[in-house]
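Predicted model only: the values in this text are computed from it and were never measured. Atoms within each ligand, like the ligands themselves, are counted from 1 in listed order.
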Amino acid sequence: MRTIEMQNGIVKMIDQRKLPHAVEIVECRDYRAVAHAIKDMTIRGAPAIGAAAAFGLALAARESDATTREEFLLDLDNAAKILRATRPTAVNLMWALDRMLKFARTQNAGVNNLRDALAAEAQRIADEDVETNRKMAQFGASLIDDGDTIIHHCNTGPLATVDIGTALGCIIEAHRQGKKIHVLVDETRPRLQGARLTTWELQQYGVPMTLIADNASGYYLRKGLAQKCFVGADRVAANGDVANKIGTYKLAVVAKENGAPFYAVMPTTTIDMTLENGDQIPIEERDAREVTHIEGVAIAPDGVRVGNPAFDVTPNKYITALVTERGIVRTPFKKNLLRMMDAASG
Ligand code: MRU
């Protein structure tokens with residue numbers, strides 16, 4: 001199945017907290033359950049949580065017992081507030097909610113028809129994500145050469161999206177095209193998305209890989225044992241600064257130091273043209289337990305002070321190119337992103 005689906009008024013998602021030990025499906029029957037699933041990372045990855053928020057709002061539309069359009073739109077606004085507050089960094093979440101709310105406001109329909117129309121709009125958001133990722137995979141695969149060893153951070157595969165993935169989608173596509181590649185999978189502390197999810201996905205596609213500790217990437221780059229880095233993004237500012245999983249910045253700096261191209265792959269829905277630069281991107285701080293415990297087992301003394309930013313910002317000077325469904329964007333990022341986004345909206 002896809003990472004997330006809606007069937008007969010139930011939102012079903014693969015429980016990403018349980019992988020790779022078990023493949024379990026979580027069923028959400030109301031929008032609060034979807035909000036909870038986003039917050040506790042049952043579902044995660046920027047495009048996947050965008051789709052989850054859209055389906056969540058479609059559930060809110062079904063739950064609302066409003067009889068007038070005004071009351072109904074108010075119920076939607078309130079549900080959107082709760083969904084919006086779940087995770088602050090990935091802008092796909094805000095984008096999907098804004099699109100759903102705007103859609104509801106601009107439909108010339110009664111409450112009953114609006115409920116169905118909103119479910120259909122959420123489904124369109126999910127379907128578009130898959131098509132977008134298919135296009136990105138082609139562009140990204142063109143940057144991968146036969147014989148490349150690629151360092152990948154976090155999880156950006158099918159699970160991080162509705163299907164196919166972003167950066168990992170490009171890698172899987174290059175493998176499908178017959179290129180002989182190898183992936184060095186960063187384990188990605190503290191939540192271990194690389195060790196738990198990326199390895200699981202690459203195994204299914206038969207892509208050759210080696211799991212490495214996050215701290216090992218510098219070793220491989222300096223020895224010339226890796227040629228390229230591919231990562232995803234949770235939000236890209238108008239100047240091309242990229243917010244992504246914590247540790248991305250450190251990887252990008254070491255890649256530049258060692259002359260390895262650094263590619264970030266994202267749909268245009270991850271680009272936030274309202275923010276001038278990456279310093280304006282809100283960074284989520286998560287629970288200390290993610291750092292002090294692994295799979296429920298304490299690895300640090302009780303009461304230790306913890307810092308746990310979930311994302312960092314990589315300044316554009318470390319990025320070789322941004323890969324989107326509309327093509328590959330190179331420097332000057334500010335000018336070229338503006339041109340691409342203007343063409344997309346016009
Ligand atoms: O905290 P997560 O697991 O939601 O973080 C995910 C990432 O940082 C991914 O790299 C990003 O969402 C892009 S992948 C489609």
- Task: State which residues pass salt bridge (Lys or Arg N to Asp or Glu O under 4.0 Å) with Arg189; sequence neighbours excluded, sorted by chain then number.
- Result: none
- Message: Taking side chain to side chain donor-acceptor pair (under 3.5 Å) as the cut-off, I'd like each qualifying pair that reaches into residues 106-115, sequence neighbours left out, listed once.
- Response: Asn112-Arg115
- Message: Has Asn316 got a side-chain atom pairing as donor or acceptor with Asp241's backbone, closer than 3.5 angstrom?
- Response: no
- Only counting residues at least two apart or in another chain, list the ones meeting salt bridge (Lys or Arg N to Asp or Glu O under 4.0 Å) with Glu276. none
- Would Lys245 count as a cation-pi partner of Phe311, with NZ or CZ less than 6.0 Å from the six-membered ring centre and within 45° of the ring normal? yes
Filter the ligand 1-protein atom pairs down to N or O on both sides and distance under 3.5 Å, then list them.
residue, atom, partner, partner atom, Å
ligand 1, 1 (O), Arg87, NH1, 3.4
ligand 1, 1 (O), Arg87, NH2, 2.8
ligand 1, 1 (O), Lys245, NZ, 2.8
ligand 1, 3 (O), Arg44, NE, 2.8
ligand 1, 3 (O), Arg44, NH2, 3.2
ligand 1, 3 (O), Gln193, NE2, 2.8
ligand 1, 4 (O), Gly45, N, 3.0
ligand 1, 4 (O), Arg87, NH1, 2.9
ligand 1, 8 (O), Asp234, OD1, 2.7
ligand 1, 8 (O), Asn244, OD1, 3.2
ligand 1, 8 (O), Lys245, N, 3.3
ligand 1, 10 (O), Asn244, OD1, 2.7
ligand 1, 12 (O), Ala46, N, 2.8
ligand 1, 12 (O), Asp234, OD1, 3.4
ligand 1, 12 (O), Asp234, OD2, 3.0

- Item | N/O donor-acceptor pair under 3.5 Å between Asn258 side chain and Ala260 backbone | no
